[in-house]
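Accompanying notes for the structure given below.
Whatever order the structure lists them in is the order used to number ligands and atoms, beginning at 1.
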Amino acid sequence: MNLPDLNEARKRTSKEILIKTNDYIVKENLKDLGQGKKYYVKTYGCQMNVHDSENIKAILEDMSFEEVDNLEDADLILLNTCAIRENAHNKVFGFLGRVKHLKESKPHIICGICGCMAQEENVVKEIKNKYKWVDIVFGTHNIYNLPNILFDSMTKKEQEIEVFSIEGDVLENIPVKRDSKYKAWVNIMYGCDKFCTYCIVPYTRGKQRSRTPEYIINEVKDLVKEGYQEVTLLGQNVNAYGKDLGIDYKMGDLLRDVAKTGIPRIRFMTSHPWDFDDDMINAIKEYDNIMPYIHLPLQSGSDKILKLMGRRYTKEKYLDLYHKLKEIPDVAITTDIIVGFPGETEEDFNDTLDVVKECEYDSAFTFIFSPREGTPAAKMQDNISKEEKEERLYKLNELVNEFANKNNQKYLHKVVKVLIEGIGEKGNLFGYTDTMKLVNVDGSEDNIGKIVDVEITDIKTWSLDGKVVK
Ligand code: 5AD
Ligand code: SF4
């Protein structure tokens with residue numbers, strides 16, 4: 001048993017980051033462990049987690065488990081969890097109730113918890129004490145060892161907990177079962193060293209460690225050969241890519257090299273304003289296959305709150321960068337904003353509204369501050385009432401929606417490129433523009449998996465309607 005340890009998770013040392021190419025092994029006797037058994041993976045949280053689930057699925061299939069879409073049909077249920085806010089926690093514990101119920105009638109079901117919540121000391125204590133029926137808990141650094149963790153749990157019939165709270169290495173031989181045939185997630189770095197005072201990620205995901213350019217570029221080249229149309233380069237803070245590699249190679253260099261593979265579309269997320277350098281902006285301008293879409297979290301428009309958040313920029317610096325990015329032709333910019341951070345006054349909140357008014361974002365993810373145990377902000381005095389926070393969120397959302405709609409209006413009757421991903425709920429095609437706008441499209445199914453010209457015929461706040469013109 002290896003339990004998570006918050007103090008260990010906090011540590012950052014000068015330990016060398018190892019690139020490991022042999023850690024994932026499925027022993028001969030485990031290759032059939034899942035024969036005749038079905039698995040169901042439920043994923044919460046960000047794209048990093050979505051991609052981890054793609055790794056987990058491939059590992060399970062290496063052990064002969066078969067995927068099912070229906071929870072009720074599964075012999076193995078894994079919850080890949082998110083720790084970013086309290087409501088992410090609540091959702092997981094709610095879902096666990098359903099699994100417990102199923103397990104009462106089918107005791108052979110194996111239930112596992114992984115992802116960011118598994119890295120939290122208190123969550124794991126609670127699972128160990130109050131959720132003894134949960135069979136396995138494994139952390140974000142332990143995915144490669146899933147075959148052995150599962151085997152131990154199945155043979156010993158006791159709760160297996162394997163969570164390392166380490167800074168972490170880079171593992172290169174983990175298999176992947178991609179959800180899409182057209183767009184792929186590609187990790188370029190793991191972890192985060194920014195330690196914004198509200199955020200749990202530096203504790204759950206470890207030290208910042210970049211993959212080497214060769215591995216990333218080879219992965220993209222393989223995706224091109226397989227016919228993929230789009231890659232999203234993933235990291236908690238992609239702009240800081242390469243800083244830990246000790247070579248003179250940064251995000252701008254990586255973007256150019258990935259662009260040269262010829263993959264039709266490149267996206268990247270998430271950016272932190274601090275590391276967004278001019279070279280990166282130039283790379284985006286130079287290559288048509290680097291999409292003009294940037295997610296640039298603001299978090300707050302008040303210098304006082306930004307300082308308390310440990311964001312390392314001021315409102316002025318953020319706006320300078322924003323205006324530089326706006327020079328990228330037809331760029332769309334989205335953001336993340338937190339309201340109700342401890343100490344946020346009406347005036348601070350108005351500063352945030354002012355930035356939103358100036359930036360006229362294409363869209364924004366908005367959140368009420370949620371204290372995460374172990375982070376510095378959780379100890380700050382929070383004297384804003386729940387009603388006040390909700391009111392601020394409401395006001396902010398009204399403004400965000402106004403600009404989202406205004407930005408979408410610019411698309412009416414224009415012809416834009418859309419990568420058609422599949423058939424939506426209403427029976428029509430759907431896909432995304434270069435600028436990441438969701439479009440519901442009239443057209444034939446032959447267009448699925450292709451980038452096609454679409455004329456925009458109608459505008460909604462959160463999506464566009466259109467028809468294929470070519
Ligand atoms: N409370 C509220 N929102 C948070 N985020 C991160 N941590 C917290 C927290 N403790 C938001 C930030 C981040 C996004 C992924 O989630 O806005 O950019
Ligand atoms: Fe992703 Fe962060 Fe949530 Fe973990 S806590 S799943 S890294 S958003």
Problem - Tyr241 and Phe268 aromatic centres sub-6.0 Å - result: no
Exercise for the section: Would you verify whether the NZ or CZ of Lys91 falls within 45 degrees of the ring axis of Phe95 while also being under 6.0 Å from that six-membered ring's centre? Expected result: no
Handout entry: Atoms in ligand 1 with a heavy atom of Ser370 nearer than 4.0 Å
Key = 1 (N), 2 (C), 9 (C), 10 (N)
Fill in the blank from the handout: So the ring-ring contact (aromatic ring centres under 6.0 Å, His included) pairs with at least one residue in residues 344-365 (sequence neighbours excluded) are His295-Phe365
Handout entry: Aromatic ring pairing Tyr432/Phe430, orientation class (parallel under 30°, perpendicular over 60°, tilted between)
Key = perpendicular
Handout entry: ligand 1 contacted by Ile200 (non-hydrogen, < 4.0 Å)
Key = no
Fill in the blank from the handout: So for Ile338 against ligand 1, with non-hydrogen atoms under 4.0 Å, the contacting part is side chain
Fill in the blank from the handout: The atoms of ligand 1 lying under 4.0 Å from a heavy atom of Gln299, numbered in the order shown, are 12 (C), 13 (C), 17 (O), 18 (O)
Enumerate, atom names and distances included, each donor-acceptor pair closer than 3.5 Å involving a side-chain atom of residues 337-348, sequence neighbours excluded.
| residue | atom | partner | partner atom | Å |
| --- | --- | --- | --- | --- |
| Glu344 | OE1 | Gly340 | N | 2.9 |
| Glu344 | OE1 | Arg392 | NH1 | 2.9 |
| Thr345 | OG1 | Glu347 | N | 3.4 |
| Thr345 | OG1 | Asp348 | N | 3.1 |
| Thr345 | OG1 | Asp348 | OD2 | 2.9 |
| Asp348 | OD1 | Ser302 | OG | 2.9 |
| Asp348 | OD2 | Lys304 | NZ | 2.7 |
| Asp348 | OD2 | Thr345 | N | 2.9 |

Practice task
Just jot down the ligand 1 atoms closer than 4.0 angstrom to any heavy atom of Phe369, in number order.
Solution key: 1 (N), 2 (C)
Exercise for the section: Using distance alone, determine whether Arg372 and ligand 1 share an N or O pair under 3.5 Å. Expected result: no
Practice task
Answer side chain, backbone, both or neither: which part of Tyr198 comes under 4.0 Å from ligand 1, heavy atoms only.
Solution key: both
Exercise for the section: Please lay out, stage by stage, how Lys20 and Val170 fare under the test side-chain contact (heavy atoms from CB on, under 4.5 Å). Expected result: CA-CA 6 Å; Lys20 296 179 166 177; Val170 174; over 6 Å; no
